[in-house]
There are 2 protein chains.
Amino acid sequence: MDDNEKYQDADPGLPQYRKLYEVLRSHILNGVYHEGDLLPSENELCTVYGLTRPTVRHALDELVREGLIKKQKGKGSIVHALPTGIGILSVAGTTSALGNRNLETRIISGPEVRRWEDNFFFPLPDPYIESGCIYMERLRLVNGKPLFYDISYLPNINLPRFTTRSFENKSLFDTLRRHYRIEVTGGEQRLWAIPATPEIAGYLQIDPGEPVLHLERKIDTNRVGYSFYSSLYCNTEDYALYGLF
Amino acid sequence: MDDNEKYQDADPGLPQYRKLYEVLRSHILNGVYHEGDLLPSENELCTVYGLTRPTVRHALDELVREGLIKKQKGKGSIVHALPTGIGILSVAGTTSALGNRNLETRIISGPEVRRWEDNFFFPLPDPYIESGCIYMERLRLVNGKPLFYDISYLPNINLPRFTTRSFENKSLFDTLRRHYRIEVTGGEQRLWAIPATPEIAGYLQIDPGEPVLHLERKIDTNRVGYSFYSSLYCNTEDYALYGLF
DNA sequence: TACAACAACTTGTAATTACAAGTTAAAAGC
DNA sequence: GCTTTTAACTTGTAATTACAAGTTGTTGTA
């Protein structure tokens, strides 16, 4: 199967630049290109995929934003080294960021509907407060070692049967996309280094008082006006968090 | 002075989309627009600034990337709340991220030329190693409290008189831009929560063993092939780091 | 051989046109 | 007065054309 066929087979609902982006992205991640390699030039990509330069450039821009390529005027699109560490500072859920590392997800609590906490860590729109909050605590383990303790808060709006679903070893982001057509588009986060409380230390199997990384995140989606939230505690003894800026 | 004049007066060396970006950015940061306000529509901006939609959209895309606006199809460009916390996870130097907070920069050591450390925390190109490293330790204080302890490493390539410059209460990014025409375009970073060593605790005026945030950053510039590096220790007791993803 | 000029690439910027699709408020109909 | 329809907006996608500017290898000249 050549590139163009793979391109044609992509989800026809997607815009052209997105389909090209997916193809190139998978090629880079699958090692078709290596660090330092040049992608085909924009004009070549135009010819191969039957697109025009603005469209091709749109796809390449996304790859630049994601850090998979760097562009240099006069030269071309240079494939970047694949990130080491855990790419949780950028978009994509934990599962996708961890790639094919041995990942396990354990449900500690939920999902269940409850009231939003008072003084929630991000300001909440009124409709969110009225409809309540889907609450869930999860533990993510890599190679058997707990790495993240994650508390998720989702507005209970138009998510039928959500609390009855199983999330054991499932990706939250995938579930949202597959069953509810909700895609994560980005978000904002705050970040601290804090001493582990006894509870958090218990989950992460470290000593209380040991430094852990605390993230509070607001996660935006393609559904207009729908965001959800996550409070995350991370043991960075063995893995660093990785991100672009 | 109206918008178009301010636009015309911008650095003529900059591309059009960049000039428009700067104008809109300054308007948002200066409170001309408030959270939730709509920017003028793309077509209005075209008319006012004498540009076409692709150019205007390019400028708006940058604002979206920076998190200053969000766009919604059918509606417009919505001004986002200004970030709280310290925007160090995204581009822009510490000084710019801290805005008008009371910032002080103290030089602990350097700048001086020395050999690169063995097993440097990012892989170094050979030309960097040969030409040596400009080393500098700085402490950044906010309202008199030390917040960052920053070790910078710059390749000693084509930076005349760099080590003789004064950096006391000066921005490194600004110096690079003004004197060497080097602009920071982005970079990558790794992130840990670690216990403060006695040395770091001393600089940050906290107890040894207290959690601090450790960042290792590779910082890319518009000068082809020129990146520099920073190892950063951050006291997050009072301020969170802030970023988009 | 060494150097300079050039040609053939590359990406960057920008104008122009067209239509699709989501939002909103006014107009039309009941 | 109320609902439905429509028209006039908004941003999203995409093709087309043109030139600027940086990179690289080749060609020609000294």
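Residue numbering restarts at 1 for every chain, and letters A, B, ... go by the order of the sequence lines.
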Student: Reading DNA chain D from 5' onward, which residue's closest nucleotide shows up sooner: A:R53 or B:S77?
Tutor: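 Closer to the 5' end of DNA chain D: B:S77.
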
Student: With respect to the side chain of B:L51, which nucleotide from C:dA15, D:dA15, D:dT13 is positioned closest?
Tutor: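 It is C:dA15.
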
Student: Has B:S230 got a side-chain atom pairing as donor or acceptor with B:L232's backbone, closer than 3.5 angstrom?
Tutor: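 No; judged by distance alone, with no hydrogens or angles, the pair does not exist.
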
Student: Without decimals, in angstroms, what is the distance between B:D61 CG and D:dT11 C1'?
Tutor: 11 Å

Student: Taking the side chain of B:Q16 as its heavy atoms from C-beta onward, which of D:dT11, D:dT23, C:dA15 lies nearest to it?
Tutor: C:dA15

Student: Rounding to a whole Å, what distance do you find between B:E42:CD and C:dT16:P?
Tutor: 16 Å

Student: Any idea how B:Y226 and B:Y128 line up, ring-wise: parallel (<30°), tilted (30 to 60°), or perpendicular (>60°)?
Tutor: tilted

Student: Between CZ of B:F162 and CE of B:M136, what distance do you get to the nearest 0.5 Å?
Tutor: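 CE of B:M136 is found 5.0 Å from CZ of B:F162.
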
Student: What's the closest nucleotide to the B:Q72 side chain, out of D:dA14, C:dT23, C:dG12?
Tutor: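 Per side-chain heavy atoms of B:Q72, the pick is C:dT23.
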
Student: Please state how far atom CG in B:L45 lies from atom P in D:dT10, giving the value in whole angstrom units.
Tutor: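 To the nearest whole Å, that distance equals 10 Å.
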
Student: Rounded to whole Å, please give me the gap between CG in B:L60 and C1' in D:dT10.
Tutor: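 Going from B:L60 (CG) to D:dT10 (C1'), I get 12 Å.
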
Student: Verify the contact: side-chain N or O of A:R57 to OP1 or OP2 of C:dT11, cut-off strictly under 4.0 Å; return yes or no.
Tutor: no

Student: Heavy atoms under 4.0 Å, any strand shown: does A:S41 hit a base, just sugar-phosphate, or nothing?
Tutor: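 Sugar-phosphate only.
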
Student: Measure from CG on A:N222 to C1' on D:dG12 and round the result to the nearest Å.
Tutor: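 It works out to 14 Å between those atoms.
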
Student: Given D:dG12, D:dT10, C:dT11, identify the nucleotide with an atom nearest to the side chain of B:N43.
Tutor: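 Closest of the options to the side chain of B:N43: D:dT10.
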
Student: Round to a whole Å and report the spacing from OH of A:Y49 to P of D:dA15.
Tutor: 15 Å

Student: Taking CZ from B:R223 and P from D:dG22, how many angstroms apart are they, rounded to a whole number?
Tutor: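 About 14 Å, once rounded to whole Å.
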
Student: Is it the case that the base of D:dG12 and the side chain of A:R18 share a donor-acceptor contact (distance under 3.5 Å, atom types as modelled)?
Tutor: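 Absent.
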
Student: When you measure from the side-chain N and O atoms of A:Y17 to the phosphate of D:dA14, is any distance below 4.0 Å, counting only OP1 and OP2?
Tutor: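 Answer no for this pair, as no side-chain N or O of A:Y17 is under 4.0 Å from OP1 or OP2.
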
Student: Can you tell which of C:dT11, D:dA15, D:dT13 lies closest to the side chain of A:K73?
Tutor: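 The answer is C:dT11, which lies nearest to the side chain.
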
Student: Suppose we call two aromatic rings close when their centres sit under 6.0 Å apart. Are B:Y153 and B:F228 close by that rule?
Tutor: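 Ring centres of B:F228 and B:Y153 not closer than 6.0 Å.
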
Student: Take the protein atom CG of A:L38 and the nucleotide atom P of D:dG25, then report the distance between them rounded to whole Å.
Tutor: 11 Å

Student: Will you find, in the side chains of A:E188 and B:Y242, an N or O donor that is under 3.5 Å from an N or O acceptor?
Tutor: yes

Student: Hey, which of these two, B:P54 or B:H58, hits DNA chain C nearer its 5' end, going by closest nucleotide?
Tutor: B:H58

Student: Any salt bridge between A:R25 and A:E66, counting N to O under 4.0 Å?
Tutor: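 Salt bridge flag = yes for A:E66 with A:R25.
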
Student: Which of these nucleotides, D:dA15, C:dA14, C:dG12, is closest to any side-chain atom of B:T55?
Tutor: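 Nearest listed nucleotide: C:dA14.
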
Student: Would you please confirm or rule out a distance under 4.0 Å between OP1 or OP2 of C:dG22 and any side-chain N or O of B:K75?
Tutor: no

